Peer 1: 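Take a look at the following structure, please.
The analysis underlying the following values was restricted to heavy atoms, covering all of them including side chains, and did not include hydrogens, waters or symmetry mates. On a predicted model such as this, the values are computed, not experimentally measured, just so you know.
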Amino acid sequence: MASLDSCFCYSAFVVFFSSMGLLFREVFALLFDESDILQNTYKCVAGAMYLCFSILIIMSASEAVHLASVARDRILSLPGKCPARYKEIKFLVKRKLNIETRLTLWKMYAIERSLLASSLGILLTYGILFRSLYQEYTNTINVT
């Protein structure tokens, strides 16, 4: 799991945050631009594609971390099930499984299921903020 994290943490970071940024751009453009039906369809399909990229990364990585944790817990309970070789198994288990590994996004964010909800909440918050700034800007232009 550690080698997987070291190889793919940067690419997962780039794909996840670029897809979230592009998802924000497409949804913002869909909501605030007056376009024809073809452009709106493109924006919906592109936004769905970017959302799928994010969901695929988060759900597959969080499931891998969860299953690795389940396997680690079962292996840690192994020495008690074989009392004849208890000391030898306990020594091997402690030596190999002393550190719990996590999959990360560029060694900054641990990938968990809650990351998806957090990132969508951040996009919603920034969308509301940009919408209010956009309305203030258009009101200022209309007044002058």
Side-chain angles (χ1 to χ4, degrees), residues 1-140:
M1 185 80 80
S3 64
L4 179 68
D5 186 44
S6 65
C7 290
F8 292 111
C9 67
Y10 178 70
S11 59
F13 174 79
V14 169
V15 169
F16 178 73
F17 281 104
S18 63
S19 66
M20 293 307 281
L22 292 169
L23 173 65
F24 179 76
R25 181 180 66 95
E26 294 300 331
V27 171
F28 190 80
L30 179 68
L31 294 176
F32 304 123
D33 286 345
E34 290 81 24
S35 303
D36 63 351
I37 191 72
L38 184 63
Q39 287 180 342
N40 286 341
T41 304
Y42 165 75
K43 291 172 187 173
C44 287
V45 170
M49 182 181 68
Y50 298 136
L51 182 63
C52 286
F53 286 157
S54 301
I55 289 173
L56 285 173
I57 288 173
I58 297 301
M59 289 301 158
S60 61
S62 66
E63 191 63 26
V65 167
H66 173 69
L67 291 176
S69 173
V70 168
R72 183 177 187 270
D73 291 343
R74 288 190 180 166
I75 291 172
L76 286 175
S77 68
L78 189 63
K81 297 187 184 209
C82 298
R85 302 181 69 179
Y86 176 78
K87 287 184 180 181
E88 180 183 347
I89 293 173
K90 186 173 180 180
F91 174 73
L92 290 172
V93 166
K94 291 289 184 181
R95 190 176 72 186
K96 296 287 184 184
L97 297 175
N98 59 354
I99 298 172
E100 185 174 342
T101 58
R102 313 279 296 170
L103 294 176
T104 61
L105 295 174
W106 205 14
K107 308 277 188 220
M108 288 192 289
Y109 298 107
I111 299 178
E112 298 171 348
R113 288 186 180 107
S114 61
L115 181 63
L116 185 64
S118 300
S119 60
L120 291 176
I122 289 169
L123 289 181
L124 179 66
T125 303
Y126 277 115
I128 292 169
L129 177 67
F130 285 149
R131 176 61 179 168
S132 64
L133 289 173
Y134 181 74
Q135 283 180 337
E136 187 67 32
Y137 175 72
T138 55
N139 289 340
T140 304

Peer 1: Quick one, Arg113 and Glu63 - any side-chain contact, counting heavy atoms below 4.5 Å?
Peer 2: yes

Peer 1: To the nearest 0.5 Å, tell me how far Ile58 CD1 sits from Glu112 CD.
Peer 2: 9.5 Å

Peer 1: Starting at CD1 of Ile111, measure out to CG of Asp5 and round the result to the nearest 0.5 Å.
Peer 2: 7.5 Å

Peer 1: Taking the six-membered ring for Trp, are Tyr109 and Phe16 closer than 6.0 Å centroid to centroid?
Peer 2: no

Peer 1: Distance check, rounded to the nearest 0.5 Å: Thr104 atom OG1 versus Leu4 atom CG?
Peer 2: 10.0 Å

Peer 1: How long is the gap from CD1 on Ile55 to CG on Leu116, to the nearest 0.5 Å?
Peer 2: 5.5 Å

Peer 1: Nearest heavy-atom pair of Ala110 and Leu115: which atoms, and what distance?
Peer 2: O-CD2, 4.5 Å

Peer 1: Looking at Val65, is its backbone amide N or carbonyl O close enough to the side chain of Ser69 to form a donor-acceptor pair, meaning the two atoms are under 3.5 Å apart?
Peer 2: no

Peer 1: Could you label the plane-to-plane angle of the Phe13 and Trp106 rings as parallel, tilted or perpendicular, counting under 30° as parallel and over 60° as perpendicular?
Peer 2: tilted

Peer 1: Within the structure provided, determine whether Arg25 and Leu22 are in side-chain contact (heavy-atom separation under 4.5 Å).
Peer 2: yes

Peer 1: Might you confirm whether atom CZ of Arg131 has over 12 heavy atoms from other residues, nucleotides or ligands at distances under 6.0 Å?
Peer 2: yes

Peer 1: Tell me, do Leu105 and Met108 make a side-chain contact under 4.5 Å, heavy atoms counted?
Peer 2: no

Peer 1: What is the distance from atom CG of Leu30 to atom CD of Glu26, rounded to the nearest 0.5 Å?
Peer 2: 8.5 Å

Peer 1: On a heavy-atom basis, which atom in Ser19 and which in Phe53 lie closest, and how many Å separate them?
Peer 2: CB-CB, 4.0 Å

Peer 1: Looking only at heavy atoms, what is the nearest atom pair of Leu23 and Gly47, with distance?
Peer 2: CD1-O, 3.1 Å

Peer 1: Give me the ring orientation class for Phe28 and Phe24: parallel if the planes are under 30° apart, tilted from 30 to 60°, perpendicular past 60°.
Peer 2: parallel

Peer 1: Heavy atoms only: give me the nearest Ser6-Cys9 pair and the separation to one decimal.
Peer 2: O-SG, 4.2 Å

Peer 1: Less than 4.5 Å apart, any side-chain heavy atom of Leu123 and any of Met20?
Peer 2: yes

Peer 1: At what distance, to the nearest 0.5 angstrom, does NZ of Lys43 lie from CG of Leu38?
Peer 2: 10.5 Å

Peer 1: Please check if atom CZ in Phe17 has more than 12 non-hydrogen atoms from other residues, nucleotides or ligands closer than 6.0 Å.
Peer 2: yes

Peer 1: Given Arg95 and Leu92, is the side-chain contact (heavy atoms from CB on, under 4.5 Å) satisfied, shown in steps?
Peer 2: CA-CA 5 Å; Arg95 190 176 72 186; Leu92 290 172; 3.7 Å; yes

Peer 1: Around atom NZ of Lys107, are there more than 12 heavy atoms from other residues, nucleotides or ligands closer than 6.0 Å?
Peer 2: yes

